[in-house]
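Some notes on the structure that comes next.
Proteins get letters first, then strands, A, B, ... in listed order; numbering begins at 1 in each.
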Amino acid sequence: MRAETILNAALLAMLVAVALWAWTADEPFIITLVTKVAIFAIAGIGLNLALGLGGLVSLGHAAFFGIGGYAMGILASHAQSYTPLMEWPLLVEGTKSMPVIWLVAILAGALTALVIGALSLRTTGVYFIMITLAFGQMFYYFAISWPAYGGEDGLPIYVRNGFPGLNTLDPIQYFALCFAVMCAVLLLVARIAASPFGLALSGARQNPQRVQAVGLVPYRLFLVAFTISGAITALSGALYADLNRFVSPTMFSWQTSGEIMIFVILGGVGRLFGPVAGAALFIALEHVLGGLSEFWHIYLGALLLVVVLFARGGLIGLVAGREVAHD
Amino acid sequence: MSLLKLSHVSAFYGPSQALFDVHLSIDEGEVLALMGRNGMGKTTTVKVICRMLHNRGGKVLFDGQDMAGMPSYRAARAGLGLVPEGRRCFPNLTVHENLIAAARPGPWDMRAVADLFPQLEERRSQMALSLSGGEQQMLAIGRALMTNPRLLVLDEATEGLAPVVRQEIWAAIARLKREGGMSLMVIDKSLRELRGIADSAVILDKGRSVWHGAIGELTSDVTDRHLGV
């Protein structure tokens, strides 16, 4: 069995083991931390599809993360205040049902990514980075100046939304739900990466002209990848908002985009489980180093430098070595 | 009607003119040798045919359709397959992945390519960048075949390969001629091999088509003057 497969299985087992230990030791805070890892990993897996497979360095993924968060916040706030979302031309009520909220978050994230991607992908390199960053900031300032949903103060949701058959208020059950979603997203992205579409996307990253010469259109490949990536990141935003029972414009900020990218780089760009490893390391550092110093980001920056300079495959690459099938 | 016809084609790289009044045509099932010394416009002609470079003057017709303004992916979908100079596989994909990434329905599938190049089947899980030059060339041909083209353009397919590997590539090209059911345009410097495979030839000199006709009519006088052999 390949070292990377063993490492991936160990990562999943470790997340479950830590959550179960915390449950038996009655440490809900630790369960929340592991749940956060699973949610951030989903956001990273979304970005990794665009960045790792497609080579699209997006600094605007916070837009999708925030849209997922606000999809949850807006629907749940209307449900808890018993006021409809809109009355004309259709009566649309709020909801406290997670599956419905996820569906809305995924659709809203995908649609936004489609529009942002359609415009941004006409550029490349540093211009693509700047345009995606600009779109992210547009959403940030829009959320700040939108008093109907909390404006700068954000929007609290008093009770976590429900999922059929589960008590989502129980931390271990909410962790199990987020972990299951993370596994489903990993499976989906693995299938995409191995499909002709994923291979063509990888080829387009390596040489767009060559891909055109065999009858494929790089722009369309990148746009589809960017749209799926945005949808996945929006789903993670909805889960994160439910974890905190709070949504604020911070979810849209460029720092959030940067953090999602850090999960991917720390874990290994283009490696399926890279964002899982990266998110786990990030949360562990935040928890351990954050307790020692409020300037813990200095150490994170130093670690990031080390990874970029000496371990281009990230944590996964460092432990499992160079990848066999993809760079 | 010709499958591909170039008439009065001129092309430029920025302000520099590279092709002047180029003519050539290929019929269904025909093998055409495009010849010329280095820098005479062979690869530029290939780029114009595959729409990687757009001609400023003249016409390029494929199956009767004017290709003016057509992007390269449309040309590929219309049935133009290219094996580019320098092989250029996707280095970080495996042999199998390189082949299926560009596959389109038709008689050329994984089995047919593996039958033509058994070495590729043996190396199906190996990364393209780890293949030898000859294997990469086979992969480049296999990848172009997987698009099921009507016209396959092979640009310097044997360049830089060991003699034994070159023979394998020439044998594969000969088999494509016999069984492939497609037209071929072969660009190569080996006149001896081209004489054995091609039906007709076009010679480019300083960006102009200076000779065209059946390859059997190619005299040593012409090759001395335009190819320096």
CD-CG distance between A/Gln206 and B/Leu129, expressed to the nearest 0.5 angstrom: 8.5 Å
A/Ala213 to B/Ala76 - nearest heavy-atom pair and separation: O-CB, 3.4 Å
If you count heavy-atom pairs within less than 4.5 Å of chain A, which of B/Arg104, B/Met52, B/Gln126 leads? B/Arg104
B/Tyr13, OH: over 12 other non-hydrogen atoms inside 6.0 angstrom: yes
So with a 6.0 Å cut-off around NZ of B/Lys47, is the heavy-atom count from everything else above 12? no
Could you go step by step and tell me if B/Leu93 and A/Ser202 meet the side-chain contact (heavy atoms from CB on, under 4.5 Å) rule? CA-CA 8 Å; B/Leu93 296 184; A/Ser202 193; 3.6 Å; yes
Euclidean distance, B/Asn92 CG relative to A/Leu199 CG, rounded to 0.5 Å: 12.5 Å
So do A/Val217 and B/Arg77 actually touch side chain to side chain, heavy atoms under 4.5 Å? yes
Just give me the residue among A/Gly198, A/Gly203, A/Pro196 that pairs up with chain B most often, heavy atom to heavy atom, under 4.5 Å. A/Gly203
CZ/A/Arg191: more than 12 non-hydrogen atoms of other groups inside 6.0 Å: no
In terms of heavy-atom pairs under 4.5 Å with chain A, which of B/Cys50, B/Pro91, B/Ala103 leads? B/Pro91
For B/Arg51, is it the side chain, the backbone, both or neither that has a heavy atom under 4.5 Å from a heavy atom of chain A? neither
Enclosure of B/His54 NE2 (heavy-atom neighbours >12, cutoff 6.0 Å): yes
Interface residues of residues 57-75 of chain B facing chain A - non-hydrogen atoms under 4.5 Å apart: B/Ser72, B/Tyr73
Among residues at least two apart in sequence or on other chains, which ones pass side-chain contact (heavy atoms from CB on, under 4.5 Å) with A/Gln209? A/Asn207
